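Notes for the one structure printed next.
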Amino acid sequence: MTDDALVARLRAAGCVFAEDEAAALRSAAGHEDELEPMVTRRIAGEPLEVVIGYAEFAGLRIPAAAGVFVPRVRTQFVAKLAAQFAPPSSIVVDLCCGSGAIAAAVAHARPDLSVWAADIDPMAVALASKALARFGAQALVSDMDAALPASLRGRVAVLASCPPYVPTGEVALMPPEARDHEPLAALDGGADGAAMQARVFEAALRLLTPDGVCIVETSDHLSDATLAAAVVAGLTAHVETDDDIDAVVVVARR
Ligand SMILES: C[S@@+](CC[C@H](N)C(=O)[O-])C[C@H]1O[C@@H](n2cnc3c(N)ncnc32)[C@H](O)[C@@H]1O
C-alpha cells in the first residue's frame, strides 16, 4: 500500500490527523503484511493507541491495550505539577492510575522520588506495571488507596490523580472511541461527575503529609463541583490550568 493510499483510507474513515496516523501505523507494523490488519482495526474505530500498542505521554511510550483507558495529552499537566510540587526524595502516589502514565512521567522526571500507582482494574495495573518497571516503581490493584501499604499513610507528599469524571448522563455523548472502547468504570464519575474525585480527596486525608498536595484532573465545566468535593472533604483548594493542552486541575491541601 502506498503512503498516499494509506492516508486517503484513514482520512475517508474520519481520522483527522491521517498523515500522522499513517506514519505511526506503518512504523508499528513490523512488516507490510501486518499493516493491513492494523489499518482495518483503525478504520473500524479502535483507538490508534490500542492498535499500535502504546500512547505517547510526556515523551514516554505508555503501553496501551483494548479495554484500558488511553491516557490523554491534557493529563500531562497533572504529572508536571506533581513532579514540580514533590520535595526531594519524597513519596508520590498516582491513584486511579490506568496504564500508569502519570506515575511513569513523574518517575521519569524525578528519579529521586518513590512512586506508587494503584487502580481497581487488574488489566490496567498489568499495563502500569510494564510502564513502571524501568523506574523501579510499583503498581497495585486497589479500590482507591485500600490496598496500599499502611506504611504510606500520612507519608505521601503528592497524591496525583485523573479519576473517572464524566457525569453519568454525559457518557453516552462521548466520542465513539471512548464510549465504545473504554470501560465505563474508567469514565463514569457519578451523577455530577465528581463522585470519584471526592473519593480521591478522602484518600488524600489518609495519605498526605501535613503539607502534602493533592492534584486532581477536572474540566472547565466540572471544576466548581471538584472544588466543592475538596472543600467537603475538609481541604482548601484552587484551580490551575494549562490552556495549551486544555488542562484543568484542582490543587488541594489540608
Ligand atoms: C479516566 S481513567 C484515567 C487513567 C489514568 N489516570 C490516565 O490518566 O490514563 C480512570 C481510571 O480510574 C480507575 N478506577 C475507577 N474506579 C476506581 C476505584 N474505585 N479505585 C481505583 N481506580 C479506579 C479506572 O479503572 C481507570 O483506569
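These figures come from a predicted structure and were not determined experimentally. Numbers here simply count residues along the sequence, with the first being 1. Every number for a ligand or one of its atoms is a count from 1 in the order of the listing.
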Give the residue and atom name of whichever protein heavy atom lies nearest to [atom], and the separation in Å to one decimal.
{"atom": "atom 23 (C) of ligand 1", "answer": "I120 CG2, 3.5 Å"}
{"atom": "atom 20 (N) of ligand 1", "answer": "M144 N, 2.8 Å"}
{"atom": "atom 5 (C) of ligand 1", "answer": "C97 O, 3.3 Å"}
{"atom": "atom 3 (C) of ligand 1", "answer": "C162 O, 3.1 Å"}

Going from [atom1] on [X] to [atom2] on [Y], what distance comes out if it is rounded to the nearest 0.5 angstrom?
{"X": "Q138", "Y": "L132", "atom1": "CD", "atom2": "CG", "result": "9.5 Å"}
{"X": "C97", "Y": "I102", "atom1": "SG", "atom2": "CD1", "result": "8.5 Å"}
{"X": "E21", "Y": "I52", "atom1": "CD", "atom2": "CD1", "result": "8.5 Å"}
{"X": "W116", "Y": "L95", "atom1": "CH2", "atom2": "CG", "result": "12.5 Å"}

Legend entry - Side chain to side chain, S99 and P71, heavy atoms closer than 4.5 Å: yes
Inset, instruction - Could you tell me whether the side chain of S114 reaches within less than 4.5 Å of the side chain of V92, counting heavy atoms only? - result: no
Inset, instruction - Return a yes/no value for A186: is any of its N or O atoms, backbone included, closer than 3.5 angstrom to an N or O of ligand 1? - result: no
Inset, instruction - Give yes or no for whether the N/O distance cutoff of 3.5 Å, strictly under, is met between P163 and ligand 1. - result: no
For [X], state whether at least one heavy atom is located under 4.0 Å from any atom of ligand 1.
{"X": "R199", "value": "yes"}
{"X": "S142", "value": "yes"}
{"X": "P164", "value": "yes"}

Would you mind running through ligand 1 and noting each atom that sits below 4.0 Å from a heavy atom of [X]?
{"X": "A185", "result": "15 (C), 24 (C)"}
{"X": "M196", "result": "16 (N), 17 (C), 18 (C), 19 (N)"}
{"X": "G98", "result": "4 (C), 5 (C), 27 (O)"}
{"X": "T75", "result": "8 (O)"}
{"X": "D143", "result": "18 (C), 19 (N), 20 (N)"}
{"X": "P71", "result": "9 (O)"}

Legend entry - Whether over 12 other heavy atoms sit under 6.0 Å from R179 CZ: yes
Inset, instruction - May I ask you to decide whether E217 forms a salt bridge with R72, counting only side-chain N to carboxylate O separations under 4.0 Å? - result: no
Legend entry - Presence of salt bridge, D211 and R254, under 4.0 angstrom: no
Inset, instruction - Please assess D145 against R199 for the test salt bridge (Lys or Arg N to Asp or Glu O under 4.0 Å), listing each intermediate value before the final yes or no. - result: CA-CA 10 Å; D145 57 323; R199 291 194 60 198; over 6 Å; no
Inset, instruction - Going by heavy-atom distance to atom 24 (C) of ligand 1, choose the closest among V78, D121, D119, D94. - result: D119
Inset, instruction - Name the option, out of C96, A147, A117, that contains the heavy atom nearest to atom 6 (N) of ligand 1. - result: C96
Legend entry - salt bridge (charged side-chain N to carboxylate O under 4.0 Å, His left out), paired with R26, selected from E34, E32, E36: E32
